[in-house]
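Take a look at the structure set out below.
Every heavy atom of this structure was used, including side-chain atoms; hydrogens, water molecules and symmetry mates were not. Predicted model, so just to flag it, every value in this text is computed and none were measured.
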Amino acid sequence: MLRIDLGALRQGPIDMAQTVPTDDPVFDKLEFQLGEPVRLSGRLMDAGIGRYYWHGDMKTRVKSVCRRCLAEVRVQIEQPLEILFTDDQAVDDPAAYVIRPDMAELDPGQAVREELILAVPDYVVCREECRGICPRCGADLNTGTCACEQKPVDSRWSSLEALRAQLTEKEED
């Protein structure tokens, strides 16, 4: 993972760009699978005593499954990063990442992991007009109709069906 020498900030902001492989330990046990390495770029700046601000972006693709038809989908992730690192253990900002005051190097791995998790959509569809799968036989309705017979009538609707039949008979008279 990316490690940044905090002592180098004395000369000014640090521009960086790095590609983190999909098998990096920081990405272990994610609930989704990375489809390509994570590309990071940005600028780290000193933001006061014990405070560092990283402004940049993250790009990758994740493998997911369409929630309608279960087809594999690759989702492009492009996420701007605005991360504040601080050694103030009592910081009240939930968006700030607390670091140890004696750190000589900054490892933004945990922050990148969390930002990636937040950037991945909860529900993915392969396309907006996806018809999904048949709930009875599991056939992909995007490739055509299924071989199921007419849908069975739910017995809870039988009283209404009887009422509709009576109304139809009266209209015919």
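- The structure places CG of L6 at 6.0 Å from CD1 of I99, a figure rounded to the nearest 0.5 Å.
- Within the 4.5 Å cutoff, no side-chain heavy atoms of V75 are placed close to those of V120.
- Note that the CD atom of Q33 and the OG1 atom of T22 stand 8.0 Å from one another [nearest 0.5 Å].
- Atom CD in Q76 sits 5.0 Å away from atom CD in E78 (nearest 0.5 Å).
- A continuous path of Ile, Leu, Val, Met, Phe, Trp and Tyr side chains, each step under 4.5 Å between heavy atoms, connects V112 with V26, placing both in one hydrophobic cluster.
- Interatomic distance, OH of Y53 versus CG of L44, reported as 11.0 Å (0.5 Å rounding).
- Linking ILVMFWY residues whenever their side-chain heavy atoms come closer than 4.5 Å, directly or via other members, places W54 and I14 in the same cluster.
- Taking the side chain as every heavy atom from C-beta outward, D57 and R39 never approach each other to under 4.5 Å.
- For the pairing with E36, the salt bridge (charged side-chain N to carboxylate O under 4.0 Å, His left out) check across R61, R74, K63 returns one residue only, R61.
- Taking CG from N142 and SG from C126, the interatomic distance works out to 5.5 Å, rounded to the nearest 0.5 Å.
- Here the side chains of L116 and F32 are in contact, with some heavy-atom distance below 4.5 Å.
- L30 and L40 fall within a single hydrophobic cluster, where Ile, Leu, Val, Met, Phe, Trp and Tyr are joined by side-chain heavy atoms under 4.5 Å apart, directly or via other members.
- To the nearest 0.5 Å, atoms CD (E82) and CD (E115) are separated by 9.5 Å.
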